[in-house]
Amino acid sequence: VQLQASGGGLVQAGASLRLSCAASGRTGGRYAMGWFRQAPGKEREYVAGINWSGSNTYYADSVKGRFTISRANAKNTVYLQMNNLKPEDTAVYYCAADDSGGWYSGGYEYWGQGTLVTVSS
């Protein structure tokens, strides 16, 4: 499965952005989907994940209450709505897919390219 992330940009603190990730290729599987981010000089962080049906989600403590992950299976797309953005949210955001069952703990098999989010203070 191929993943294409989009929606990044430069915003001011307090603003909102919505990232999208479109899947193509072998999309017939029941993939969980997730978002990770990596800031310069920092380790990759698992930000949010969602199972295939959308009935279960994961959020990092750093984004709980501000970010919402959702998906539209008919469009093979997952979204990350980011509200009240902070400068510390600045990072390259990557989407990922998993069909092995390890998504909740951050185990993903397929990765897309990143989209840069920059939050100015």
[X] vs [Y] side-chain heavy atoms within contact, under 4.5 Å:
{"X": "L85", "Y": "F67", "result": "yes"}
{"X": "Y59", "Y": "I69", "result": "yes"}
{"X": "Y58", "Y": "W103", "result": "yes"}
{"X": "M82", "Y": "V47", "result": "no"}
{"X": "R71", "Y": "T77", "result": "no"}
{"X": "T90", "Y": "V117", "result": "no"}
{"X": "L80", "Y": "T68", "result": "no"}
{"X": "N51", "Y": "Y104", "result": "no"}

Exercise for the section: Over 60° means perpendicular and under 30° means parallel, so classify the ring planes of Y46 and F36, tilted if in between. Expected result: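 Ring orientation, 0 to 90° scale: parallel.
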Exercise for the section: Answer yes if V63 and Y108 sit in the same cluster of Ile, Leu, Val, Met, Phe, Trp and Tyr residues linked by side chain heavy atoms under 4.5 Å apart, and no otherwise. Expected result: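 Different clusters.
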Problem - Co-membership, hydrophobic cluster, residues L19 and L116, 4.5 Å side-chain - result: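 In one cluster with L19: L116, no.
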[X] and [Y]: which non-hydrogen atoms are nearest, and at how many Å?
{"X": "L3", "Y": "C21", "result": "CB-SG, 3.8 Å"}
{"X": "Q81", "Y": "S16", "result": "NE2-CB, 3.9 Å"}
{"X": "S121", "Y": "A13", "result": "CA-CB, 4.4 Å"}

Exercise for the section: Give a yes or no on whether a salt bridge exists between K64 and D61, defined as a side-chain N under 4.0 angstrom from a carboxylate O. Expected result: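 Between D61 and K64 there is a salt bridge, with a charged N closer than 4.0 Å to a carboxylate O.
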Can you tell me how far the [atom1] atom of [X] sits from the [atom2] atom of [Y], to the nearest 0.5 Å?
{"X": "N73", "Y": "R30", "atom1": "CG", "atom2": "CZ", "value": "9.0 Å"}
{"X": "M33", "Y": "S70", "atom1": "CE", "atom2": "OG", "value": "11.0 Å"}
{"X": "D89", "Y": "E45", "atom1": "CG", "atom2": "CD", "value": "9.0 Å"}
{"X": "C95", "Y": "Q113", "atom1": "SG", "atom2": "CD", "value": "6.5 Å"}
{"X": "T115", "Y": "W35", "atom1": "OG1", "atom2": "CH2", "value": "7.5 Å"}
{"X": "E88", "Y": "R37", "atom1": "CD", "atom2": "CZ", "value": "8.0 Å"}

Problem - R44 to W111 six-membered ring, cation-pi geometry met (6.0 Å, 45°) - result: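 Judged by the rule, R44 and W111 form a cation-pi pair.
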Practice task
Consider only side-chain N and O atoms of S24 and Q4, and report whether a donor and an acceptor are under 3.5 Å apart.
Solution key: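 On atom types as modelled, these side chains do not qualify, holding no pair under 3.5 Å.
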Handout entry: Y79 and R18: side chain donor to acceptor below 3.5 Å
Key =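 No donor-acceptor contact under 3.5 Å links the two side chains.
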Practice task
Tell me, with the steps shown, if V11 and T118 meet side-chain contact (heavy atoms from CB on, under 4.5 Å).
Solution key: CA-CA 6 Å; V11 297; T118 303; over 6 Å; no
Exercise for the section: Mind running side-chain contact (heavy atoms from CB on, under 4.5 Å) on Y31 and D98 for me, showing each step along the way? Expected result: CA-CA 5 Å; Y31 296 97; D98 171 66; over 6 Å; no
